Participant: 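Structure provided below as structure tokens; questions to follow.
Lettering follows sequence order; numbering is per chain, from 1. It should be emphasised that the depicted structure is a prediction, and the values quoted were computed from it without experimental measurement.
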2 protein chains.
Amino acid sequence: MDMENLIQELQNRYKLSLDSAEKLSKVIEVIQFQKGDTFIRAGKINTTEYLILEGICRSFLENVKGQEVTLSFFNSLKTISPNLTRTKNLISILNVQALTDIKLASFPTLELMRLMNENRAIEMWGNGILQKELMQKVSKEINHISLGAKERLLTFRKEYPLLENQISHSYISSYLGITNVSLSRIRKEISNNRT
Amino acid sequence: MDMENLIQELQNRYKLSLDSAEKLSKVIEVIQFQKGDTFIRAGKINTTEYLILEGICRSFLENVKGQEVTLSFFNSLKTISPNLTRTKNLISILNVQALTDIKLASFPTLELMRLMNENRAIEMWGNGILQKELMQKVSKEINHISLGAKERLLTFRKEYPLLENQISHSYISSYLGITNVSLSRIRKEISNNRT
DNA sequence: GGAAGTCATTAACATTTGATAAGAAGTAAA
DNA sequence: TTTACTTCTTATCAAATGTTAATGACTTCC
């Protein structure tokens, strides 16, 4: 993505004036991580906004048994905001990890808030992100309760097309809440039925 | 609950001054519903906050198969989750139903907002409760993915003590994501092991 | 008190998913 | 190319959960 497109993206995404978007673009730092890197950690302070330019990430947490549970995936042009991950005191409650080599546009949340200027706008922006996330969670919860593993995989494919061929399947199974072996079995069942 | 306690409850819950809490208490309307009544409906406008004085409610939604999925329970002296967390553009995104005869203290969300502004008590109050709600959802999601039905029932019992003896079990099974028959079987297993 | 209805339990069987282990396919390093 | 390593697949068996149906307990209504 070139600079002009990026500025337009910022304008749309954060409802900024052209002027503000240009200012924001000046403080943007493009950073890269390697496949496997966990760049936001639960329990650590996180005050940076990320826009994915290339690659795929996941958010995850450990359960009581020490297994990692994948909560959601982020791919190109998705944002990862501290609004999603942090508590009041700026501490992140979840981990975010690169599943491929990734390139991110990053900038301090504070800078964005400064440019948004009005408190009302900042609050609505943050609330909007959270509300959207909540609705997604409700939807995932209902899916998970109502559907069997096979149907959940089909739903996953609709929601994240292509992803199944781009990342390790263990992340997908921990997202679906099944074992790797079950995932493999279900993949086979589905492909057999499609014949 | 007498008026004095109610006012104190409002103060704590919404971080209002005594004065503001008293003002709020003046616009409170106490309403009653019968067991089974669904008094907040998905898709309908809702602009009201509720505090449960007596009884038990649940929030729920229909899944694609037409079955009702219970999202959470609310019992005495809990607020039904704040309007902000269950509406989008004033439209409710879920149903709330009385599971016993209930008595509610209700007041307009707008009035609460007005009083909060007056206090300038908490900017970002909404952000805080949305985040709290989100964390609860994340926690339930991880539980549901990581634990078997028996462990989920035990978790449910810790989170909602007594509830199991006060409401129809079909609501509990639809909350846990299992069938009524499985719930009954698991109850028996647990009580046998406790011997 | 009896009849009808609802709900929880139990049983028998089917299906799904997990656990373990072994093999196959792909990838990276020597 | 060989070796080692990881990941996905496949097979077998065990455990958990769903389905269906019958029964008993309890309420409600007449």
Side-chain angles (χ1 to χ4, degrees), chain A residues 34-37 56 58 60 63-70 97-101 142-157 162-195, chain B residues 34-37 56 58 60 63-70 97-101 142-157 162-195:
Chain A
Q34 290 187 328
K35 179 175 171 174
D37 289 349
I56 301 166
R58 67 162 182 152
F60 71 97
N63 67 14
V64 284
K65 298 172 182 168
Q67 303 157 325
E68 294 179 353
V69 176
T70 297
Q97 180 184 36
L99 301 185
T100 63
D101 291 354
I142 291 179
N143 258 325
H144 200 271
I145 285 183
S146 312
L147 306 179
K150 192 189 297 182
E151 290 164 301
R152 296 210 298 281
L153 175 57
L154 292 172
T155 304
F156 165 82
R157 286 180 175 175
L162 305 177
L163 218 56
E164 195 172 350
N165 302 315
Q166 298 176 308
I167 62 176
S168 169
H169 284 181
S170 62
Y171 301 126
I172 298 174
S173 57
S174 86
Y175 174 83
L176 295 175
I178 57 178
T179 59
N180 294 351
V181 179
S182 268
L183 175 57
S184 184
R185 178 163 41 205
I186 289 165
R187 278 162 49 80
K188 190 186 180 188
E189 276 175 37
I190 292 175
S191 68
N192 282 346
N193 287 346
R194 284 199 187 286
T195 314
Chain B
Q34 290 187 330
K35 178 174 172 175
D37 290 349
I56 302 167
R58 66 162 182 153
F60 72 97
N63 68 13
V64 284
K65 298 173 182 168
Q67 303 157 327
E68 294 178 352
V69 175
T70 298
Q97 179 184 37
L99 300 185
T100 63
D101 291 353
I142 290 180
N143 257 326
H144 199 273
I145 284 183
S146 311
L147 306 179
K150 194 189 293 182
E151 290 165 302
R152 296 209 299 281
L153 174 57
L154 292 172
T155 305
F156 165 82
R157 284 179 177 175
L162 305 178
L163 216 57
E164 197 172 347
N165 301 316
Q166 298 175 308
I167 62 176
S168 169
H169 285 182
S170 61
Y171 301 127
I172 298 174
S173 57
S174 87
Y175 174 84
L176 296 175
I178 57 178
T179 58
N180 294 351
V181 178
S182 269
L183 175 56
S184 184
R185 178 164 41 204
I186 289 166
R187 279 163 50 81
K188 192 185 180 189
E189 275 175 37
I190 292 175
S191 70
N192 281 346
N193 286 346
R194 284 202 185 284
T195 314

Participant: Which pair of heavy atoms, one from B:Ile190 and one from B:Arg157, lies closest together, and at what distance?
Facilitator: CG2-NH1, 3.7 Å
Participant: Enter the distance from B:Ile56:CD1 to B:Ile167:CD1 here, rounded to the nearest 0.5 Å.
Facilitator: 6.0 Å
Participant: Could you check how far CD of A:Glu189 sits from P of C:dT16, rounded to whole Å?
Facilitator: 7 Å
Participant: Is there a side-chain contact between A:Leu183 and A:Leu153 (heavy atoms, below 4.5 Å)?
Facilitator: yes
Participant: Return the set of residues passing side-chain hydrogen bond (donor to acceptor under 3.5 Å, both in side chains) with A:Glu68 (not counting sequence neighbours), or none when no residue passes.
Facilitator: A:Arg58
Participant: Per the end-axis method with five pairs at each terminus, what is the bend angle of the helix from C:dG1-D:dC30 to C:dA30-D:dT1, to 10°?
Facilitator: 30°
Participant: Mind calculating the distance between CD1 (B:Ile178) and P (C:dT17) to the nearest angstrom?
Facilitator: 16 Å
Participant: Return the set of residues passing salt bridge (charged side-chain N to carboxylate O under 4.0 Å, His left out) with B:Arg187 (not counting sequence neighbours), or none when no residue passes.
Facilitator: B:Glu164
Participant: At their closest point, which heavy atom of A:Ile145 faces which heavy atom of B:His144, and how far apart are they?
Facilitator: CG1-NE2, 3.6 Å
Participant: Going by side chain to side chain contact (heavy atoms under 4.5 Å, CB included), name the residues that satisfy it together with B:Asn63, two or more places apart in sequence or in a different chain.
Facilitator: A:Ile142, A:Ser146, B:Lys65, B:Gln67, B:Val69
Participant: Determine whether a donor-acceptor pair (N or O, by modelled atom type, separation under 3.5 Å) exists between the side chain of A:Asp101 and the backbone of A:Lys35.
Facilitator: yes
Participant: Protein-nucleotides 24-28 of chain C N/O pairs closer than 3.5 Å?
Facilitator:
none

Participant: Return a table of donor-acceptor pairs under 3.5 angstrom between the side chains of residues 173-181 of chain A and protein atoms on other chains or two or more places apart.
Facilitator:
from     : atom 1 : to       : atom 2 : distance (Å)
A:Ser173 : OG     : A:His169 : O      : 3.4
A:Ser173 : OG     : A:Ser170 : O      : 3.0
A:Ser173 : OG     : A:Asn180 : OD1    : 2.5
A:Ser174 : OG     : A:Thr70  : N      : 3.2
A:Ser174 : OG     : A:Thr70  : OG1    : 2.6
A:Ser174 : OG     : A:Tyr171 : O      : 3.3
A:Thr179 : OG1    : A:Ser182 : N      : 3.2

Participant: Which pair of non-hydrogen atoms, one from B:Lys188 and one from B:Ser191, has the smallest distance, and what is that distance?
Facilitator: O-OG, 3.0 Å
Participant: Tell me, please, the opening and closing nucleotides of DNA chain D, 5' to 3', among those with an atom under 4.0 angstrom from a non-hydrogen atom of chain B.
Facilitator: D:dT17 to D:dT20
Participant: With salt bridge (charged side-chain N to carboxylate O under 4.0 Å, His left out) as the rule and sequence neighbours excluded, what pairs involving residues 173-186 of chain A come up?
Facilitator: none
Participant: Using 0.5 Å steps for rounding, measure from the CG atom of A:Leu163 to the CD1 atom of A:Ile172.
Facilitator: 6.0 Å
Participant: What is the distance, to the nearest angstrom, from the CZ atom on A:Arg152 to the P atom on C:dT16?
Facilitator: 13 Å
Participant: Roughly how far apart are A:Gln166 CD and A:Thr100 OG1, rounded to 0.5 Å?
Facilitator: 8.0 Å
Participant: Classify every nucleotide of nucleotides 8-15 of chain C by which part a protein heavy atom approaches to under 4.0 Å, writing B for the base, S for the sugar-phosphate alone and - for neither, in 5'-to-3' order.
Facilitator: SBBBB---
